[in-house]
Amino acid sequence: MEKRVIEYAGIPVGISVPDGDRVKFIAVKFPVIDLDGGTYRNIVELQLAIHDHMKKNGADGQAMFSHAANALSGSPARKAFNAA
């Protein structure tokens with residue numbers, strides 16, 4: 001495993017770092033701060049956690065995400081992962 005930028009709707013929201021055989025999430029945007037420090041089995045599980053969290057909390061006050069949701073995907077060249 002390697003460090004990755006984690007994006008939601010094309011906007012960086014955090015990074016993932018290896019944590020033993022798991023992935024640890026470090027949040028850098030307030031909308032996902034509740035997930036900061038969480039560990040996941042893999043990037044897919046992290047993706048689902050971010051997606052569910054954002055869906056549960058709605059887009060209220062998160063205008064930067066509303067126009068970009070699902071419009072962009074992560075870029076393997078940048079080691080970015082889009083959780084939208």
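The chain is numbered in sequence order, starting from 1.
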Scanning both residues in full, the closest heavy-atom pair of Ile6 with Ile15 reads CG1-C, 4.0 Å
Side chains of [X] and [Y]: closer than 4.5 Å at any heavy-atom pair?
{"X": "Ser16", "Y": "Leu46", "result": "yes"}
{"X": "Ile43", "Y": "Arg4", "result": "yes"}
{"X": "Phe30", "Y": "Val13", "result": "no"}
{"X": "His51", "Y": "Tyr8", "result": "yes"}
{"X": "Leu48", "Y": "Glu45", "result": "no"}

| request: List for me each residue that meets side-chain contact (heavy atoms from CB on, under 4.5 Å) alongside Asp19, sequence neighbours excluded, and say none if there are none. | output: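 Scan of Asp19 (side-chain contact (heavy atoms from CB on, under 4.5 Å), adjacent residues dropped) gives Lys24, Thr39.
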Taken in chain and number order and not counting sequence neighbours, the residues that satisfy side-chain contact (heavy atoms from CB on, under 4.5 Å) with Ala27 are Phe25, Val32, Ile33, Asp36
Residues joined to Val28 in its hydrophobic cluster, side chain to side chain under 4.5 Å directly or through other members, sorted by chain and number, are none
When rounded to the nearest 0.5 angstrom, what is the spacing between CE in Met54 and CG in Leu35?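 The CG atom of Leu35 is 9.5 Å from CE of Met54, to the nearest 0.5 Å.
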Could you state the interatomic distance from CD1 (Ile11) to NZ (Lys29), rounded to the nearest 0.5 Å?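 NZ of Lys29 is found 7.0 Å from CD1 of Ile11.
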Derivation of the side chain to side chain contact (heavy atoms under 4.5 Å, CB included) call for Val23 and Val17: CA-CA 6 Å; Val23 174; Val17 294; over 6 Å; no
